Asks: 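Here's a structure for you.
Letters go in sequence order (proteins before strands), and every chain restarts at 1. Heavy-atom basis, side chains included; hydrogens, waters and symmetry copies ignored. Bear in mind that the values here come from a model prediction, so they are computed numbers and not experimental data.
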Amino acid sequence: MIKSVFGLLALFLGALWMSAATAEVILSDNEIALTLSHGPWPPAFVADPSNRVSGLPAAIKLGKGLFFNPVLSRDGSMSCSDCHDPSHGFADPKARSVGKVILDRNALSLTNVRGHRWFGWAGGNDNLWAQSLVPILNPDEMNHDDESLKTAIAKSTWIQDYEALFGPLSEQAATDVSVNIAKSLAAYQETLETGPTSFDRFRNAMERGDIAAAAHYPLAAQRGLQIFLGRGNCAFCHSGPAFTNREFHDAGVPYFINQTRVDTGRYGGLEALFASPFTLAGSYSDDREKSGAWAVRQVQPLHSDFGTFRVPSLRGTARTAPYMHNGSLADLQAVVDHYNTIDLERLHTDGEAILTPLALSKRESSDLLKFLRTLSDDEG
Amino acid sequence: MKTLATLLSMLCANLWATTALACQSEAEAKPLISTSPGEVSGVAILEPIPLSQPFGLQLLFCGKDATTIKEIKVGAVMPAHQHGMNYTPVVDALGDGRFAVSGMVFHMPGLWAVQIAATGRAMPMYFTLEVHAR
């Protein structure tokens, strides 16, 4: 008698536990399949073939030292880390970064930067070392030229590390020195990466078919994920493990810099790219195969490039407010509100029929926000 | 004279049959939808398509005029919202009506219509192929 009551109880509890566990992954099979496409994370390290010092510990060390050192600015007033603050996800808390003047754009986070195909909001470069050269030589930022940079390195405490890696400085053309410096900076930035988050644990558990483990992912975040994959159409552009398709779109953010100037976005980015001697198709690339050069060779300028910007990754994004190319949205709530009430009149390109005002309820907005935050909880 | 003509036509028919056969015997091939009248048919041999990454495909044309195709142009759009590709694919002629296409990038999930224009001796011929990217 007692035994059978216990048996019944165990069965009952078992059933209860099972239904609780299964009830707690609310995604459909299709949603699960879509979720799996946002991982695994992080991606394996692959050395950049265009950068012969990519992945070398000595280059990472030199690059890190230079990144935090004002020697890269002509008057010694600024370092990379002034605008790419490690305590702010390697982004800038200022809406528009301040160099010698207020720049036009918000500083992009440098975490997970090695995964991109195009660099900068407008994709003016096709590789990380070329992009790293831009602030050093920009008169509005660090204001060096090749000669002044070479002299500054020669006089700095970094000269030994530099020569150990790249050979005698005095025998090198100044432009080659600049490119070498940029390649060591790139080697360091390739190590900046966000870790696995609660979203990744959820995704990996589902991949293993471990529903019980997956059910630890909060229901609100699951509902938010459903909106992200479904009604929100977010995954059209924020796709793949890094939550970006690496290309350029118009997300309805105004592109006026002031009353007389507009930010042309990808249009200007392509102009810069085609004028650059530092692309993967050029002679500064260390890759004999020129394996990444297909993109710069085949990219097709489009009428609709005007005012489009690179789709940002959403990993670690909770740490990098404010948002959008001009830093115009103060926090993630403001971004969700933006998509919720998006002004279709502002979509200046023809084709972005993907974005429509979502009209999410309060609870749905909060669910979407909770989901977005689960892409940034890797640092506890 | 007459025999020569028959021989020639037999030979041609034979050739045609073998190329037509090539189209059918191609494993994993997807037929192209022809949007222009003619006797040329085509198939696409697809690699798996990774979203937002470059991929390639092969096109094989079969039929009487297939080997006269000298040049093909390839593009793709998403019919749902008219997004096109951001890259111009590169086409290499491999001979015998076979072409290798590389540098295609589908940067958004959903249905893509690949559009192919084939030009040879006669009028250009148009084909489409529908593919899902996810």
Asks: Quick check for you: among A/Ala235, A/Gly240, A/Ala295, A/Ser239, which has the greatest number of heavy-atom pairs under 4.5 Å with chain B?
Replies: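 Heavy-atom pair counts peak at A/Ala295.
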Asks: For B/Val105, is it the side chain, the backbone, both or neither that has a heavy atom under 4.5 Å from a heavy atom of chain A?
Replies: side chain
Asks: Take the angle between the ring planes of A/His38 and A/Phe199 and call it parallel below 30°, perpendicular above 60°, tilted in between.
Replies: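 Perpendicular.
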Asks: Verify whether the ring centers belonging to B/Tyr87 and A/Trp294 lie closer than 6.0 Å.
Replies: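 Centroid separation for B/Tyr87 and A/Trp294: below 6.0 Å.
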Asks: Measuring heavy-atom distances to chain B, does A/Ala33 have an atom under 4.5 Å in its side chain, in its backbone, in both, or in neither?
Replies: both
Asks: Considering only heavy atoms, which portion of A/Ser37 lies under 4.5 Å from any heavy atom of chain B: side chain, backbone, both, or neither?
Replies: neither
Asks: For chain A, find which of B/Gly110, B/Ala80, B/Pro54 contributes the most heavy-atom pairs closer than 4.5 angstrom.
Replies: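 Sorted descending by pairs with chain A, the first entry is B/Pro54.
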Asks: Is the distance between the ring centroids of A/Phe309 and A/Tyr255 under 6.0 Å?
Replies: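 No.
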Asks: Go through the atoms of A/Arg117 and report whether side chain, backbone, both or neither lie under 4.5 Å from a heavy atom of chain B.
Replies: side chain
Asks: Check the orientation of B/Trp112 and B/Phe106. Use parallel for under 30°, tilted for 30 to 60°, and perpendicular for over 60°.
Replies: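 Parallel.
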Asks: Please determine if B/Glu130 and B/Lys30 form a salt bridge, counting it only when a charged side-chain N lies under 4.0 Å from a carboxylate O.
Replies: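 Salt bridge absent between B/Glu130 and B/Lys30.
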